[in-house]
Amino acid sequence: MSKHWSISDLLDGKASADTEVTVKGWVRTQRPSKAGFSFINLHDGSCFNPIQVIAPAELDNYDSDVLKATTGASLVVTGRLVASQGKGQSFEIQATSIEVLGLVDDPASYPIQPKPHTMEFLRTVAHLRPRTNAIGAVTRVRNCLAQAIHRFMHEKQFNWIHTPIITASDCEGAGEMFRVSTLDQTNLPLTDKGEVDYNQDFFGKEAFLTVSGQLNVETYCMAMSKVYTFGPTFRAENSNTSRHLAEFWMVEPEIAFADLQDNADLAEEMLQYICKAVLDERADDLAFFNQRIDKTVIERLEAIVNNQFERMDYTDAIKVLQTSGKKFEYPVEWGVDLQSEHERYLAEEKIGRPVILMNYPKDIKAFYMRLNDDEKTVAAMDVLAPGIGEMIGGSQREERLDVLDRRIDEMDLPKEHYWWYRDLRRYGTVPHAGFGLGFERMVAYTTGMQNIRDVIPFPRAPGSAEF
RNA sequence: GGGAGCAUAGCUCAGUGGAAGAGCGACUGCCUGUUAAGCAGUGGGUCGAAGGUUCAAUCCCUUCUGCUCCCGCCA
């Protein structure tokens with residue numbers, strides 16, 4: 001294909017005015033004028049704003065093609081880049097030729113009309129929704145966040161570890177898992193006991209899609225010191241909410257020679273870094289979100305970048321909730337897991353920003369979290385964000401083999417399945433900690449989008465895997 | 001898994017037991033250096049599906065399907 005400019009570069013003034021340029025993209029709107037030309041707004045995904053093309057009636061194919069290029073049609077436009085006479089854009093293109101690559105069949109029923117759509121409707125046309133302002137902006141912000149995460153980690157000398165998607169160990173324990181099997185589902189091989197014989201399956205044992213790369217990444221942490229995973233994870237929970245997906249992306253850093261404070265500091269520094277990246281690099285998209293989606297988005301991101309995160313012990317949070325004067329549906333007492341209403345009160349009403357809750361009762365947390373000296377709490381932390389709830393969950397890991405074994409026994413877990421995880425405590429164990437950031441929750445928080453299904457290109461949820 | 005709600009034009013939604021409505025979009029015309037333009041007109045419907053009640057059902061009842069929201073699970 002011949003060389004052409006991105007609309008982003010043209011609007012940024014990277015090409016000299018009065019030179020000939022070519023752009024390729026899709027029509028957002030066309031406004032024909034009887035004054036002898038037509039205004040076409042063309043977008044190519046490179047930035048929020050489209051570029052305005054002035055198509056003069058003198059073009060050979062003006063009546064035959066150009067005027068038929070309705071919203072959604074694809075064009076190659078060549079012309080002179082000039083300072084715009086109109087308001088709303090710095091530059092525009094005075095077209096000398098317009099090639100229509102693809103028209104829109106039946107414009108009346110083309111789903112992406114130049115008018116507001118609901119997010120619910122756009123989910124039913126997920127193959128076309130990236131052409132909208134909102135989903136296009138989400139896509140760029142999502143990319144910006146992902147790139148910023150890798151950049152942050154790289155600058156801090158973390159190694160990105162590609163942990164497996166398929167796991168044959170059933171010891172992850174973070175929820176229901178999707179089974180991976182090549183057995184003939186209509187004719188399953190059975191053992192003598194009448195159970196499915198997974199010895200005959202592809203891996204010779206049961207296999208699943210991962211729910212977390214944590215246990216795997218801990219092994220590399222015990223050699224590379226600073227590591228992280230960033231990839232898709234899967235939960236087969238029947239969760240039907242605006243903040244859960246069956247397939248979602250998670251960032252899981254793991255740091256050696258570190259405790260819970262170091263872990264919280266890392267989470268804070270990373271969130272500040274990536275929020276700043278979005279403020280710096282995606283001002284155009286943020287302006288849109290701030291105007292159309294959530295009027296507090298920019299303010300919120302600036303507050304994260306410019307303020308220390310509030311840190312609060314679970315035990316203190318319980319006291320705050322008990323003395324809040326609020327009537328909660330679920331009563332609060334030490335030892336209970338916090339309900340959404342409690343987390344919301346803390347993050348939204350009490351603090352108004354993300355808050356890091358630390359040191360939870362051991363009975364409501366996972367076996368691998370490090371037991372505190374009080375023997376009642378573990379070194380766990382959650383980052384709670386207004387509107388999203390739990391954005392990050394993490395902990396200092398139990399590095400003492402005897403204590404870990406005690407916890408495994410207490411929870412009645414199959415110790416033999418954790419043999420390689422326990423080995424890490426036998427061979428040069430060190431204090432270490434890590435956390436998991438729900439990437440889509442971060443994108444939702446950053447954009448103000450209310451449903452997590454609108455911040456991932458093709459959302460997977462119970463009963464929903466179209467596209 | 002528990003609870004609530006919704007389903008009427010391409011989209012967003014009114015509405016009524018007795019002849020299907022608006023706004024936006026589409027199309028046509030007028031107008032215009034216009035900005036999701038303005039003005040006028042035209043077309044567009046198995047009222048989610050299947051049963052039932054009724055002289056008559058888009059409306060009332062039952063079942064089903066789909067979607068949304070809240071809670072739980074968590075990230």
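Just so we're clear, the structure is a prediction, and the values are computed from it rather than from any experiment.
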Inset, instruction - Would you kindly check whether a donor in the side chain of S239(A) faces an acceptor in the base of C73(B), or vice versa, at under 3.5 angstrom? - result: yes
Has [X] got a side-chain N or O lying under 4.0 Å from the OP1 or OP2 atom of [N]?
{"X": "Q339(A)", "N": "G72(B)", "result": "yes"}
{"X": "N238(A)", "N": "G1(B)", "result": "yes"}
{"X": "R123(A)", "N": "U68(B)", "result": "yes"}
{"X": "N240(A)", "N": "C73(B)", "result": "no"}
{"X": "R31(A)", "N": "A37(B)", "result": "yes"}
{"X": "R243(A)", "N": "C71(B)", "result": "yes"}
{"X": "R344(A)", "N": "C71(B)", "result": "yes"}

Inset, instruction - Would you indicate what R292(A) reaches in the nucleic acid, counting non-hydrogen atoms under 4.0 angstrom: base, sugar-phosphate, or nothing? - result: base
Inset, instruction - Would you classify R28(A) as touching base, sugar-phosphate or nothing, given that sugar-phosphate means primed atoms plus P, OP1 and OP2, and contacts are heavy atoms under 4.0 Å? - result: nothing
Restricting both atoms to N or O, compile the protein contacts to nucleotides 3-14 of chain B shorter than 3.5 Å, with distance only.
unit_1	atom_1	unit_2	atom_2	d
G10(B)	N2	Q113(A)	OE1	3.0
G10(B)	N3	Q113(A)	NE2	3.2
C11(B)	O2	K115(A)	NZ	2.5
U12(B)	OP1	T118(A)	OG1	3.0

Inset, instruction - State, with a plain yes or no, whether a side-chain heavy atom of D44(A) is found less than 4.5 Å away from one of S6(A). - result: yes
Legend entry - Separation between the P atoms of G21(B) and G15(B), rounded to whole Å: 15 Å
